Number of protein chains: 2
Amino acid sequence: MSRAEAISPARLKDAAPLFAALGDATRLGLLVSLCASGPLSVARLSVRFTVSRQALAKHLDVLAEAGLVRSSRQGRERIWELEPRRLKDAHAYLERISLHWDDALSRLKTFVEG
Amino acid sequence: MSRAEAISPARLKDAAPLFAALGDATRLGLLVSLCASGPLSVARLSVRFTVSRQALAKHLDVLAEAGLVRSSRQGRERIWELEPRRLKDAHAYLERISLHWDDALSRLKTFVEG
DNA sequence: GTCATGGGCAACCTCCAGGTTGCATGTTAG
DNA sequence: CTAACATGCAACCTGGAGGTTGCCCATGAC
């Protein structure tokens with residue numbers, strides 16, 4: 001019996017930009033930094049990276065577009081913080097595909113053995 | 001206490017191409033197709049997509065490069081199948097970041113409440 | 001043999017991601 | 001007020017991703 005729900009094309013179109021946002025070493029580094037050190041400004045972040053501040057700002061925009069990060073103004077600074085919900089979303093997607101795969105495997109096993 | 005292990009830059013450089021490979025709707029579609037229908041040839045796959053056979057072949061190469069898919073010759077056909085290990089890798093990676101986040105949250109909570 | 005089918009290869013095109021520099025704007029410190 | 005700092009904005013450059021077409025090669029069918 002199949003426990004995994006179908007993966008609709010709509011979900012695919014939602015998932016792709018999410019993974020695309022995760023598919024860059026600098027952006028993953030930003031996520032990890034925000035994870036480890038909590039909310040930070042671009043200036044604070046930029047001392048940890050080799051690329052320019054503007055490049056980081058663009059990356060943060062991409063992450064925000066994907067819903068992985070959120071920003072708020074505090075005085076003259078803009079503070080960025082992680083948005084863990086979308087991270088869980090990505091996680092759930094992979095889980096769903098894995099489930100499908102395990103299902104397919106067990107079906108195959110049943111077919112072969114039975 | 002912190003249960004999450006550190007996320008090394010080396011792991012970042014490993015994870016980025018993996019997510020990048022997942023960050024395309026067509027490629028996700030390929031994975032789902034291979035998941036649902038088992039190993040298939042490019043010709044078989046291409047009837048389900050609107051892009052050309054060559055485009056799909058390139059996507060499959062990208063997926064193979066990321067270790068998400070594997071191919072073998074069978075007669076005049078090349079059969080592609082899923083490689084679930086790397087999928088689990090990506091899964092584990094997100095889990096690691098989430099763990100870090102949860103750790104950071106609980107540390108913050110302890111700090112605020114304690 | 002002959003033909004259709006599956007696949008690799010290569011050239012080519014277009015667009016945008018990722019990066020840079022330079023300058024303008026707003027805000028806090030003294 | 002003025003200087004220093006954090007950011008926003010815009011123009012610009014370059015490489016590579018994603019797509020196409022056209023052709024050639026191998027293999028299985030007849």
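Please read these numbers as outputs of a predicted model, since none were measured by experiment. Just so we're on the same page: letters track the sequence lines, and every chain starts at 1.
At the phosphate of D:dA17, neither OP1 nor OP2 sits under 4.0 Å from any side-chain N or O atom of B:His59.
Comparing A:Ser52 and A:Gln74, the nucleotide of DNA chain C nearest to each residue sits closer to the 5' end for A:Ser52.
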TODO: Classify every nucleotide of nucleotides 6-16 of chain C by which part a protein heavy atom approaches to under 4.0 Å, writing B for the base, S for the sugar-phosphate alone and - for neither, in 5'-to-3' order.
DONE: SBBB-------
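When rounded to the nearest whole Å, the span between CG of B:Leu56 and P of D:dA17 equals 17 Å. Atom CG of A:Leu40 and atom P of D:dT7 are 10 Å apart (whole Å). Following rounding to the nearest Å, B:Glu65 (CD) and D:dA17 (P) show an atom-to-atom distance of 10 Å. The distance between atom CG of B:Leu45 and atom P of C:dT5, rounded to the nearest whole Å, is 19 Å.
In this pair, B:Phe19 and B:Tyr93 present their aromatic rings perpendicular. The plane angle is above 60°, beyond the 30 to 60° band.
Counting heavy atoms from C-beta on, the side chains of A:Arg86 and A:Asp89 come closer than 4.5 Å. At least one side-chain heavy atom of B:Ile97 sits less than 4.5 Å from a side-chain heavy atom of A:Cys35. Residues B:Glu81 and B:Leu34 have side chains not in contact (no heavy-atom distance under 4.5 Å, counting atoms from C-beta outward). A 4.5 Å side-chain heavy-atom check between A:Leu56 and A:Phe49 finds at least one atom pair inside the cut-off. Residues A:Leu31 and A:Leu22 form a side-chain contact, since some pair of their non-hydrogen atoms from C-beta on lies under 4.5 Å apart.
Side-chain contact, A:Ser71 with A:Arg78: a donor N or O sits under 3.5 Å from an acceptor N or O. Side-chain contact check for A:Ser37 and A:Arg48: at least one donor-acceptor pair (N or O, by modelled atom type) lies under 3.5 Å.
Rounded to 10 degrees, the angle separating the terminal axes of the helix from C:dG1-D:dC30 to C:dG30-D:dC1 is 30°, with each axis obtained from five end pairs.
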